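To start, the structure under review is shown below, and the notes come after it.
Nothing here was measured: the structure is a model prediction, and the numbers come from that model. Values below: all heavy atoms of this structure, side chains included; hydrogens, waters and symmetry mates excluded.
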Amino acid sequence: MAYTINDTCIACGICIDECPVEAISEGDPHYKIDADLCIECGTCAGVCPTDSCNEA
C-alpha cells in the first residue's frame with residue numbers, strides 16, 4: 001500500500017526533495033502522496049522529522 005501523510009505534517013519540504021518518483025506534492029494544509037506514483041520505498045518516512053509519513 002502507498003504511503004500517506006497525516007495531519008502532523010509541518011510542510012517542511014524534506015520529503016518532497018527525497019522522493020525518488022516525485023509522488024509528493026504540496027497540499028492544503030499538509031503535503032500529500034499520490035498513491036498511483038508511490039513505490040512504497042519508505043524514503044519519505046525515513047526523513048520526516050514529525051513521523052507524518054506512514055504506510056496506508
Practice task
Name all residues meeting the side chain to side chain contact (heavy atoms under 4.5 Å, CB included) criterion together with A45; count only those two or more places apart in sequence or in a different chain, and write none if there are none.
Solution key: Y3, C53

Exercise for the section: Please list all pairs passing the side-chain hydrogen bond (donor to acceptor under 3.5 Å, both in side chains) test where one or both residues lie in residues 47-56, with sequence neighbours left out. Expected result: T8-S52, T50-S52

Fill in the blank from the handout: For A2 and E40, the nearest pair of non-hydrogen atoms, with its separation, is N-OE2, 3.8 Å

Practice task
Considering non-hydrogen atoms only, spot the tightest contact between P20 and I39 and give its length.
Solution key: CG-CD1, 4.2 Å

Handout entry: Intermediate values then yes/no, side chain to side chain contact (heavy atoms under 4.5 Å, CB included), Y31 and S25
Key = CA-CA 6 Å; Y31 287 11; S25 61; over 6 Å; no

Problem - Residues in side chain to side chain contact (heavy atoms under 4.5 Å, CB included) contact with D34, at least two apart in sequence or another chain - result: D36, L37

Exercise for the section: For a side chain to side chain contact (heavy atoms under 4.5 Å, CB included) with C15, tell me which candidate from C44, C48, C9 qualifies. Expected result: C44

Problem - All side chain to side chain contact (heavy atoms under 4.5 Å, CB included) counterparts of P49, not counting sequence neighbours - result: C12, I14

Handout entry: Sequence neighbours excluded, every pair satisfying side-chain hydrogen bond (donor to acceptor under 3.5 Å, both in side chains) that has a member inside residues 10-19
Key = none

Problem - Counterpart residues, side chain to side chain contact (heavy atoms under 4.5 Å, CB included), relative to C19 (two or more places apart) - result: V21, A23, I24

Problem - Note, K32 side chain near I5 side chain (heavy atom, < 4.5 Å) - result: no

Exercise for the section: Identify, with sequence neighbours excluded, every residue that meets side chain to side chain donor-acceptor pair (under 3.5 Å) alongside D28. Expected result: none

